[in-house]
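For reference, the structure discussed in these notes is given below.
Keep in mind that this is a model prediction, so the values were computed, not measured.
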Amino acid sequence: MRTRFVVGVLSTLFLVGQACEDEVGPAEVETFTAALSGAAERPNPVTTTATGSATISIVGPTLLYRIDVANISNVTAAHIHGPADTGGTAGVRVNLCGAGSSPACATGTVNGVLVAGSATNVAGISFDSLVVLLRNRQAYVNVHTSANPGGEIRGQVVRP
């Protein structure tokens with residue numbers, strides 16, 4: 001499964017890069033990460049052994065994401081929220097898994113691709129505005145579970 005994802009991501013990056021290269025040069029890849037923990041949950045930290053990480057890459061009008069979680073069960077949804085700093089909370093901007101959308105959430109790894117203009121799981125924000133939130137550290141990834149419907153682990157999105 002991981003090999004297929006890597007091949008798919010590389011194929012997407014190649015095709016986007018080729019399309020951009022024909023017009024203005026090679027496509028630039030911007031990468032962001034988030035370290036997910038219960039201690040980062042707001043407004044109240046959650047005591048949990050669950051941990052995780054999220055990697056988000058922007059290539060032209062395409063957002064690729066990967067969420068890895070461990071020691072967590074009954075994941076119901078994962079989102080990008082914003083605008084908010086590490087102490088604040090904000091509404092859902094992008095549904096990454098679950099909550100009635102594809103892909104379904106799973107314990108382990110969830111991968112996905114969003115393309116500006118065709119993504120149906122983006123709420124109340126343009127693709128360009130989402131990228132600005134990511135660049136300005138005003139977005140966080142939150143993983144929700146049945147035991148912690150408000151979120152069990154969370155992490156602020158930053159550039160590594």
How close do Leu96 and Tyr65 get, heavy atom to heavy atom, and via which atoms?
-> O-OH, 2.6 Å

Could you give the distance from CZ (Arg154) to OG1 (Thr86), rounded to the nearest 0.5 Å?
-> 7.5 Å

Strictly by modelled atom types, are Asn74 and Thr145 linked by a side-chain donor-acceptor pair under 3.5 Å?
-> no

Main-chain N/O of Gly151 paired with Asn148 side-chain donor or acceptor, under 3.5 Å = no

Is the backbone of Ile80 close enough, under 3.5 Å, to the side chain of Arg93 for a donor and an acceptor to pair up by distance?
-> no

Is there a donor-acceptor pair closer than 3.5 Å between any side-chain N or O of Asn95 and the backbone N or O of Gly98?
-> yes

Any donor-acceptor pair under 3.5 Å from Asn142 side chain to Gly150 backbone | yes

Taking all non-hydrogen atoms of both residues into account, name the closest pair between Val110 and Ala104 and its distance.
-> CG2-O, 4.2 Å

Applied to residues 35-61, the ring-ring contact (aromatic ring centres under 6.0 Å, His included) test, sequence neighbours excluded, yields none

Which distance, rounded to the nearest 0.5 Å, do you find between the CZ of Arg66 and the CD1 of Ile56?
-> 13.5 Å

At their closest point, which heavy atom of Phe127 faces which heavy atom of Ala116, and how far apart are they?
-> CG-CB, 3.5 Å

ring-ring contact (aromatic ring centres under 6.0 Å, His included) contacts touching residues 79-100 (sequence neighbours left out) | His79-His81, His79-His144, His81-Tyr140, His81-His144

Exactly one of Val75, Ile72, Asn71, Ile67 clears side chain to side chain contact (heavy atoms under 4.5 Å, CB included) with Ile153, and that residue is Ile72

Hey, what do you get for CD (Glu41) to OG1 (Thr47), rounding to the nearest 0.5 Å?
-> 11.5 Å

